[in-house]
Each structure stands twice: as structure tokens, then as C-alpha cells.
Undergrad: 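Please read through the structure below; I'll follow up with questions.
The chain is numbered in sequence order, starting from 1. Quick note: numbers below take in every heavy atom, side chains included, and nothing from hydrogens, waters or symmetry partners.
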Amino acid sequence: MPIEFTHVPGKTADATVPFFYDFAETATKLGLIEDGGFQKIVVDDSAGLLTNMDLAAQVLDRTSSLEVVLTHWAGVIEPTVAARQLASIDRGSGGRLALRMISEPLNDDDAETRPVGHGVVWQRIDEYLVLLKRLWSNDRPFDHEGAFYSIKGGYIERKGPHGADLVIRMGGQSGTALKVAGRHADVFELAPGPIDDIRQLMERARRAAAEHGRAGKLRFALPVRIHQGVSVAGQKTVDLSGPPAQVALSLLAYAALGIDEFMVIGVDTPHEIATAGRETIALLRNSLARREANEFHHGAYAPGAGLETRAVG
């Protein structure tokens with residue numbers, strides 16, 4: 001599967017206005033992102049879940065091909081309401097919505113709905129996703145009585161274009177988080193760290209998915225922060241700095257692990273977005289294409305070797 005790039009917005013140039021709140025500049029940036037080789041954009045505004053849903057709809061309306069990764073926190077709205085609104089957004093975009101479930105609240109208002117205990121948080125996420133998928137696929141009303149939600153006559157008439165197959169994105173490193181992600185996630189967002197740690201986390205996530213017969217369906221995304229100059233410490237990303245060729249070479253090593261997607265942070269001004277698309281993304285894609293061509297050529301008479309090379313993904 002080709003490598004995909006996801007833009008993770010930060011601040012605007014004056015560092016005071018969030019990415020999506022200067023609509024004239026946002027329209028320019030969205031055009032550059034869409035034309036520059038990015039396939040996705042994350043909507044993760046600190047204003048909270050309801051604002052994120054509104055922003056996601058606006059971004060989808062202003063773009064034609066970008067997939068919007070909507071950051072979502074269970075517990076703010078009831079599953080039936082969430083299922084209806086998310087299906088409506090996805091349907092209006094022609095199926096370009098993905099749901100990114102997080103275990104930490106987006107803002108203080110969302111935090112008020114947080115249950116106590118790490119395990120309980122993930123149990124609620126699990127039940128929430130089970131209900132969303134059921135509401136997106138059922139053809140008749142159903143009742144549900146669970147640890148966190150009670151539903152009578154649960155049903156939404158207008159489903160999204162993907163039904164229960166809306167892309168779900170999750171992350172986490174604990175055994176509990178991996179268990180829930182193994183059951184639900186289509187894309188697993190990796191925690192940054194040394195390359196060996198990332199490889200081990202991928203193996204753990206695959207084992208968790210295998211328990212549900214989903215090991216081959218799990219894809220991996222890695223957050224990376226790109227700098228033209230000195231790296232910035234303390235970020236929850238793989239931190240890369242230097243000229244585009246150097247950054248692309250570093251990303252190539254992670255792609256070799258079987259990572260399908262890079263979530264690019266730190267590329268926010270129009271110039272940075274255009275440069276990333278024209279140089280870093282293009283260089284990495286060209287390097288991957290050459291590597292795949294060489295593998296195909298060298299393995300043309302030894303099919304087994306080619307298959308083994310791809311097994312890490």
C-alpha cells in the first residue's frame with residue numbers, strides 16, 4: 001500500500017489564532033494541502049468535540065479529495081446522536097470522514113464526562129464504538145443496556161456511505177488500550193520513540209488485532225514533526241530536522257517497518273506546506289518507488305523473497 005501523508009494543523013503564523021479560525025487563510029492552506037500530496041487532515045481543535053464536528057463538516061465542504069480525521073471523545077453526546085451526526089457528515093462528503101478516538105478529553109468541558117480509571121475509560125470507548133457500529137448497520141431498532149449506555153429503540157434511518165465500516169483510528173500503549181484498538185481500529189496511531197520501540201508496539205498491536213481476526217487489516221500511522229532547522233524537544237512525535245532530502249531519508253527507514261502513513265506536524269505556513277509537498281513528500285515517494293522497482297527486479301525469479309519483504313506491512 002502506498003505511503004499516505006496526513007496534515008496535523010498547529011497554529012497560524014502569529015501563533016494566536018488556531019488553524020481553522022482564519023477562514024480566508026485556511027482556504028488557501030487547504031488548497032495547498034490538498035494539492036501538495038497530503039491525503040488527510042486532522043481536525044483536533046481545543047474548543048472541544050462539538051466544535052470539531054462543525055469544523056470537520058466545513059473542511060469537507062471546502063475540499064474535494066481530503067479525508068478528514070475527526071478527533072472524537074466518547075461521553076460528550078449519546079451514541080445515537082453521535083451516530084446520526086457522524087453519518088450525516090460522512091454522507092455529505094461522499095465518504096471522506098474518519099473517526100479518531102482518543103482517551104483524553106479535548107477540553108475542560110469534555111473532561112467533566114470522564115469516568116474514573118484508565119481501564120474504565122477504555123471500557124466506555126469500547127461500548128461506545130460497538131453501539132456506533134451497530135447503529136450504522138442495523139435495519140431495525142434495538143435495545144441496549146450496558147455499563148455506560150442505555151438505549152431503547154436505537155435506530156438511525158440514514159446511514160453513512162460506509163455503514164459500520166467508517167474508518168476508526170486509535171492509539172495507546174497499555175494492554176487495555178491495545179485490546180480495544182485490536183477490536184476496533186483500522187488505523188493504529190503509534191507512539192513516537194526509538195525505532196525498535198516502534199517496531200515492538202506494532203507487533204503488540206498486530207497480536208491484539210489477531211485475537212479478533214483482524215491482524216491483516218490493521219494499518220499504522222506515525223506522528224512526525226518536521227523542522228528546517230534545529231529540532232524541538234519534548235514533543236510527542238518523531239522529531240526530524242534538516243533539508244528535505246535528509247528528512248525523506250529518515251522517513252524511509254520508518255516506512256520500511258510497514259508504516260503506511262505519516263502524520264506531519266510543524267508544517268503550518270503556506271510556504272512550509274508547499275515546500276513539504278514539493279520536496280519532502282515527493283522525495284519520499286520517489287525513493288519508495290525506486291525501492292519497490294528494485295525489489296521487483298531482483299525478486300522477479302524468486303517470488304518468495306518478494307513476499308517475505310512485504311510481510312512486515
Undergrad: Which donor-acceptor pairs under 3.5 Å do the side chains of residues 53-60 make with protein atoms, sequence neighbours left out?
TA:
from	atom 1	to	atom 2	distance (Å)
D54	OD2	Q58	NE2	2.9

Undergrad: For R62 and T26, does a side-chain donor sit closer than 3.5 Å to a side-chain acceptor?
TA: no
Undergrad: Return the CD to OG1 distance between Q123 and T176, rounded to the nearest 0.5 Å.
TA: 8.0 Å
Undergrad: Looking just at side-chain N and O atoms, do S174 and H118 make a donor-acceptor pair shorter than 3.5 Å?
TA: yes
Undergrad: Do any N or O atoms from the side chain of R96 and from the backbone of T63 form a donor-acceptor pair under 3.5 angstrom?
TA: yes
Undergrad: For H271, is the NE2 atom crowded, meaning more than 12 foreign heavy atoms sit under 6.0 Å from it?
TA: no
Undergrad: Applying ring pair (Phe, Tyr, Trp, His ring centres under 6.0 Å), which residue pairs with at least one partner in residues 125-147 are found, sequence neighbours left out?
TA: H72-Y128, Y128-Y149
Undergrad: Which of parallel (below 30°), tilted (30 to 60°) and perpendicular (above 60°) describes H7 and F38?
TA: perpendicular
Undergrad: Can D268 and K29 be said to form a salt bridge (Lys or Arg N to Asp or Glu O under 4.0 Å), step by step?
TA: CA-CA 8 Å; D268 290 307; K29 291 179 179 179; 6.0 Å; no
Undergrad: Decide yes or no on side chain to side chain contact (heavy atoms under 4.5 Å, CB included) for H162 and L97, but give the supporting numbers first.
TA: CA-CA 10 Å; H162 300 301; L97 183 69; over 6 Å; no
Undergrad: Do the side chain of R219 and the main chain of E261 share a donor and acceptor less than 3.5 angstrom apart?
TA: no
Undergrad: Any donor and acceptor pair, going by atom type alone, linking the side chain of N52 with main-chain N or O of D45 inside 3.5 Å?
TA: yes
Undergrad: Give the ring-plane orientation class for Y254 versus F262, where under 30° counts as parallel, over 60° as perpendicular and anything between as tilted.
TA: perpendicular
